[in-house]
Amino acid sequence: CLLPIARVRRMAVRATAAMASVRRLPLAMTASQRVRSMRIASRASDLVGNTPLLKMNKVTDGCVGTIVAKMESLGPCSSVKDRLGRAMIDEAEKAGVITPGKTVLVEPTSGNTGIALAFIARERGYRCILTMPETMSVERRMMLLALGCEVVLTPKETAVVGALAKAHEIVASLGGDGYMLQQFENPANAKVHRHTTGPEIWADTDGKVDVFVSGVGTGGTVTGVSQYIKGKCPTPCDGCTSICAPRSASLMTVAVEPMEQMLLTAAKGGEKIGEQGPHKIQGMGAGLVPQVLDLDLVNEVVPIHSEEAMAMASRMWLEEGLPVGVSAGAIMSAAVKVMSRPEMAGKLCVAIVPSFGERYFTHPMFAPIHEQAAGLKKQPLPPPFDNREYGFETERG
């Protein structure tokens, strides 16, 4: 049967409108252009950033406010340092001071910055040499070696200071081909968090963040995020006209450091607690006050002992189901302490989870788990299997 002419006309109008709304792709579009139109990343470093927030539900007993974790452990190489590695190389390439295939990148690192640099160096064609204290986990060393990086270990007693001295020696030995990105001094460090991490936190909390808690390794995360939210950028500041408009000058910035190495507390005029020296919180407490760190933006420094950090990290594994490292345990411990204060009732805290826990399995925190895993024994199978074929004494085991 025939459709009424009025209905046919309405259908034709809708079809015409639908066709007009379709985005016509150019016939000469290249394969790479089609990939970009499908939201497929062109290279691994394009996956850096835009990490989610996750509400903590079980490790926050005693808190009167809410704690959410900024899951930097979900980056392409599983740490907050992915942002820094990419930013420093991007800025150096933009400035024309490094060249793929010619420049040798040399950097002192406690591990995660090195991993970030190693994966981007591999992506773009740089030789990479990293110096690090001998206390860094075997998993971190293996990651670096698997990415084709050269690793030089330095004495644990000298922490990052010794690794820095060794890196300078290596650069000098390379003549004009060596280049040190200087994560502790590089302005790209705070800048990347000012331009990415800070805006992400502000947008994802709808501007309602009251407290920001971060560990301090190089100082870039705590400085850059605070600069963006508090609207206090350095002078001069590259590209900061819109970035550094004041958003929440009342943001409480909390820096976390190992209780065994309270340099930031001392720099803020506080007293050190207990014996000072080596600690077990990899990724923070580098044995120096970083040049990148702006202590004026820090409202409070909270020291956390290595044992307390390991206990909280274990709780995050077992209670929240989150595989995290010891530094995340330190940061979450500090966040819980702060958010348990009466004045924090109803407030929102964002705490950084800096890295994924699997690369810490040789850390002392996992010694009992390692022993348990090594002691597991195979079990006999039920009928009709003959367990003698599998090394058991009898048919049933």
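Bear in mind the structure is a predicted one, so any value in this text is a computation, not a measurement. In what follows, every heavy atom counts, from backbone to side chain, and hydrogens, waters and symmetry copies are set aside.
For the pair Asp90 and Arg124, the salt-bridge criterion is met [side-chain N within less than 4.0 Å of a carboxylate O]. Ion pairing between Lys268 and Glu257 fails under the 4.0 Å rule for side-chain N and carboxylate O.
Enclosure of atom CD in Glu371 is not indicated, since only 12 or fewer non-hydrogen atoms of other residues, nucleotides or ligands lie within 6.0 angstrom. Open room surrounds NE2 on His370; 12 or fewer heavy atoms of other groups in view lie less than 6.0 Å from it. Few gaps surround NZ on Lys230; more than 12 heavy atoms of other groups in view lie less than 6.0 Å from it. Heavy-atom contacts from other residues, nucleotides or ligands closer than 6.0 Å to CD of Glu134 number more than 12. Under a cut-off of 6.0 angstrom, the local environment of CZ in Phe385 is sparse, with at most 12 non-hydrogen atoms contributed by other residues, nucleotides or ligands.
Within the hydrophobic cluster formed by Ile, Leu, Val, Met, Phe, Trp and Tyr side chains joined at under 4.5 Å, directly or through other members, Leu47 stands alone, with no partner residue. Here Met259 sits in one hydrophobic cluster together with Met262, Ile273; the rule is ILVMFWY side chains under 4.5 Å apart, joined directly or through other members.
Of all heavy-atom pairs spanning Met132 and Val151, the tightest one is SD-CG1, 3.8 Å. Between Val353 and Ala328, the shortest heavy-atom contact is CG1-CB, 4.1 Å. Between Met332 and Ala351, the shortest heavy-atom distance links the atoms CE-CB, 4.2 Å.
Checked by atom type, the side-chain pair Tyr228/Glu200 shows no donor-acceptor distance below 3.5 Å. Side-chain polar atoms of Thr223 and Asp294 form no donor-acceptor pair below 3.5 angstrom. A donor-acceptor contact closer than 3.5 angstrom is absent between the side chains of Thr218 and Gln183. Judged by distance alone, the side chains of Thr394 and Arg388 never bring a donor and an acceptor atom under 3.5 Å apart. Side-chain atoms of Ser137 and His363 form no donor-acceptor pair, as typed in the model, at a separation below 3.5 Å. Judged by distance alone, the side chains of Asn57 and Lys55 do bring a donor and an acceptor atom under 3.5 Å apart. Side-chain contact, Glu107 with Thr113: no donor N or O sits under 3.5 Å from an acceptor N or O. A donor-acceptor contact closer than 3.5 angstrom links the side chains of Ser226 and Thr253.
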#### Entry: Residue pair Ser355, Tyr360: steps toward the side-chain contact (heavy atoms from CB on, under 4.5 Å) verdict
CA-CA 10 Å; Ser355 57; Tyr360 300 93; 2.6 Å; yes

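Side-chain atoms of Gln261 never come within 3.5 Å of backbone atoms of His279 as a donor-acceptor pair (strictly under, hydrogens ignored). The closest donor-acceptor contact from the side chain of Asp210 to the backbone of Leu348 lies under 3.5 Å.
The aromatic rings of Trp317 and Phe361 sit tilted, their planes meeting at an angle between 30° and 60°.
Take Phe356 and apply the ring pair (Phe, Tyr, Trp, His ring centres under 6.0 Å) test, not counting sequence neighbours, and it matches no residue.
A cation-pi arrangement is absent between Lys70 and Phe212 under the rule of less than 6.0 angstrom and at most 45 degrees off the ring axis.
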